[in-house]
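Some notes on the structure that comes next.
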There are 2 protein chains.
Amino acid sequence: MTATRGPAAAGDGARRDTVATVVGQWQAVRPDLDTGPMEIIGRVNRCAALLQQAEDAPLRRAGLSRPEFDLLGALRRTGHELTPGDLARETFSSGAAVTKRLKQLTERGLVERRGDTRDRRVAHLRLTDAGRDLVDAVLPEQLAYERAVLSALDRDRQGELAGLLGELLSRLEGHMRTVRA
Amino acid sequence: MTATRGPAAAGDGARRDTVATVVGQWQAVRPDLDTGPMEIIGRVNRCAALLQQAEDAPLRRAGLSRPEFDLLGALRRTGHELTPGDLARETFSSGAAVTKRLKQLTERGLVERRGDTRDRRVAHLRLTDAGRDLVDAVLPEQLAYERAVLSALDRDRQGELAGLLGELLSRLEGHMRTVRA
DNA sequence: CAGCGATTCTTTACGAGTAAAACACGTGCT
DNA sequence: AGCACGTGTTTTACTCGTAAAGAATCGCTG
């Protein structure tokens, strides 16, 4: 019950972020509400938006959108062929979206498709040499860029943050699986 | 240089999250890369996706999308009229998107527009009574739902997480302002 | 082995966001 | 006054994702 306020812990002294401002406005207009959840969810959303925008820069140079790169990355990191369904699950997107992206990526010569001999409904996708080279060239740039952006936080804090997010995420994912929605 | 691995801190014992799995796959295929940034950025993105999906539930019941609610919320929390430009800045979306949303929301009778008497280019938007009532009815449900979802983390960890995210966010926002992109 | 339900993927129709152009006004300079 | 220029907003053309329907195929059952 003591919640309601508190960025808690974490050394102050930095600039007030936009979420803190928004929360402050809500408190002024609806002091009866416990705005605690906003301090996490609002920030996660805003961070995701800003990070994506930053992260997109190295990808755009390679002529790839993030979802496209996710798809190529899934093929690269698993190391074997995947079906469209696998790719949809792996990239958390709909089957239809995967179909469209695959169409473009095969046209660009980055992935190849091969029909299954046993079950003719399914296709197997793999990276072409060009696709593999592209991923291998872009990923290090990508990571370097991300590292630069995250350097806003020192190493210890990065570790703490990764740990907390991992804990939240693993429980969210577990919960989703049970609640089925 | 010692990075590369480590969820660090945070009591283990929970399930492995999907990001940890993905990072493990990358390590197996490209052990030369420092995948540290993924542990934060990947998780932020994935958490944002899952939280939004969850968060959308109470909103959908009210017939609102998240961006629509953000717009109404901006009007409610500032307490005064805003121009389309203000709303675009406040909700971090493009002017064009705001125009479209305003069109729908005014048609639904949730916001009203009033032309400026001095400068006839600008419009002033405010919530109608119905709009205000809707926000005031939905927001508490929204927050309750968010609180439930976040209860995956105990109170202390929530505070830590909010603090770390706030620190990261305030520096990211500061950086964006200087780099101007 | 014919048929029916389940699956795997693709297609279609549509809604929503974006960038860039267009539009409508103020402002200040000459 | 006349006119270029900047600003605030809307419109246009296009891209991308989704949900729902469709098409092809498998496997089981009578």
Side-chain angles (χ1 to χ4, degrees), chain A residues 45-46 48-50 52-57 59-60 63-72 74-75 81-108 111-126 181, chain B residues 45-46 48-50 52-53 56-57 59-60 63-72 74-75 81-108 110-126 180-181:
Chain A
N45 286 332
R46 185 95 184 93
L50 287 177
Q52 293 223 13
Q53 180 181 331
E55 193 174 2
D56 282 351
L59 290 183
R60 289 235 175 278
L64 290 173
S65 71
R66 166 88 91 115
E68 286 168 340
F69 182 76
D70 281 351
L71 202 160
L72 297 178
L75 288 169
E81 294 180 333
L82 295 174
T83 69
D86 292 336
L87 284 167
R89 274 182 292 280
E90 208 66 45
T91 62
F92 305 105
S93 43
S94 72
V98 169
T99 297
K100 288 191 178 178
R101 290 199 279 260
L102 283 175
K103 190 174 165 196
Q104 295 191 110
L105 292 171
T106 50
E107 279 168 3
R108 283 200 246 167
V111 306
E112 276 174 346
R113 80 188 298 145
R114 173 181 76 76
D116 188 308
T117 35
R118 300 218 171 271
D119 185 342
R120 279 185 308 190
R121 286 170 302 182
V122 332
H124 296 273
L125 285 305
R126 68 168 159 245
Chain B
N45 286 333
R46 185 96 185 91
L50 287 177
Q52 294 223 11
Q53 182 179 329
D56 282 352
L59 290 183
R60 290 234 174 280
L64 289 173
S65 70
R66 165 88 91 117
E68 286 168 342
F69 182 76
D70 281 351
L71 202 160
L72 297 178
L75 287 169
E81 296 179 332
L82 295 174
T83 68
D86 292 336
L87 285 167
R89 274 181 292 278
E90 208 67 44
T91 62
F92 304 105
S93 44
S94 71
V98 168
T99 296
K100 287 191 180 179
R101 290 200 279 260
L102 283 175
K103 187 174 167 195
Q104 295 190 112
L105 293 171
T106 51
E107 278 167 5
R108 284 199 246 167
L110 298 174
V111 306
E112 275 173 348
R113 80 189 296 146
R114 173 181 77 75
D116 189 310
T117 35
R118 300 220 170 268
D119 186 340
R120 280 184 306 191
R121 285 171 302 182
V122 330
H124 296 272
L125 286 304
R126 66 167 161 247
R180 198 41 78 195

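Below, read A as the first sequence line, B as the second, and so on, with proteins coming before strands; counting in each chain starts at 1.
To the nearest angstrom, C1' of D:dC16 lies 15 Å from CG of A:Asp70. As a whole-Å value, the separation of A:Gln104 CD from C:dT11 P is 13 Å. We find that CZ of B:Arg60 is positioned 14 Å from P of C:dG15, with the value rounded to whole Å. With rounding to whole Å, A:Leu82 atom CG is found 15 Å from C:dT8 atom P. Atom CG in B:Leu71 sits roughly 14 Å away from atom P in C:dA16 (whole-Å rounding). Counting to the nearest Å, the P atom of D:dC16 and the CD atom of A:Gln52 are 16 Å from each other. One interatomic measurement links the two molecules: CZ of A:Phe69 to C1' of D:dC16, which rounds to 20 Å at whole-angstrom precision. The separation between A:Asp116 atom CG and D:dT25 atom C1' is 12 Å, rounded to whole Å.
Looking only at distances, a side-chain donor or acceptor of A:Asp86 sits under 3.5 Å from a matching main-chain atom of A:Thr83.
Exactly one of B:Leu75, B:Leu71, B:Leu72 qualifies for a side chain to side chain contact (heavy atoms under 4.5 Å, CB included) with B:Leu110. That residue is B:Leu72.
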What's touching nucleotides 8-11 of chain D from the protein side, N or O pairs under 3.5 Å?
from: D:dT9; atom 1: OP2; to: B:Gly85; atom 2: N; distance (Å): 2.7
from: D:dT10; atom 1: OP1; to: B:Arg113; atom 2: NH1; distance (Å): 3.4
from: D:dT10; atom 1: OP1; to: B:Arg113; atom 2: NH2; distance (Å): 2.5
from: D:dT10; atom 1: OP2; to: B:Thr99; atom 2: OG1; distance (Å): 3.0

**Request:** Give the C-alpha distance, both sets of side-chain angles, the deciding distance and a yes or no for side chain to side chain contact (heavy atoms under 4.5 Å, CB included) between A:Arg89 and A:Leu82.
**Result:** CA-CA 11 Å; A:Arg89 274 182 292 280; A:Leu82 295 174; over 6 Å; no
**Asked** Can you check side chain to side chain contact (heavy atoms under 4.5 Å, CB included) on B:Leu125 and B:Leu105, steps first, answer last?
**Response** CA-CA 11 Å; B:Leu125 286 304; B:Leu105 293 171; over 6 Å; no
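Here the straight-line distance linking atom CZ of B:Arg66 with atom CD of B:Gln53 works out to 12.0 Å at 0.5 Å rounding.
Within the helix from C:dC1-D:dG30 to C:dT30-D:dA1, the inter-axis angle between the opening and closing five-pair segments is 10°, rounded to 10°.
Partners of B:Ala88 by side chain to side chain contact (heavy atoms under 4.5 Å, CB included), not counting sequence neighbours, listed by chain and number: B:Val98. In this view, A:Arg114 and A:Glu81, A:His124, A:Arg126 satisfy the side chain to side chain contact (heavy atoms under 4.5 Å, CB included) rule, not counting sequence neighbours. Partners of A:Arg121 according to the side chain to side chain contact (heavy atoms under 4.5 Å, CB included) rule, which considers only residues two or more places apart in sequence or in another chain, are A:Asp119.
Residue pairs meeting the side-chain hydrogen bond (donor to acceptor under 3.5 Å, both in side chains) criterion with at least one partner in residues 93-106 of chain B, sequence neighbours excluded, are B:Thr91-B:Ser93, B:Ser93-B:Arg101.
Taking side-chain N and O atoms only, B:Ser94 has no distance below 4.0 Å to OP1 or OP2 of C:dG17.
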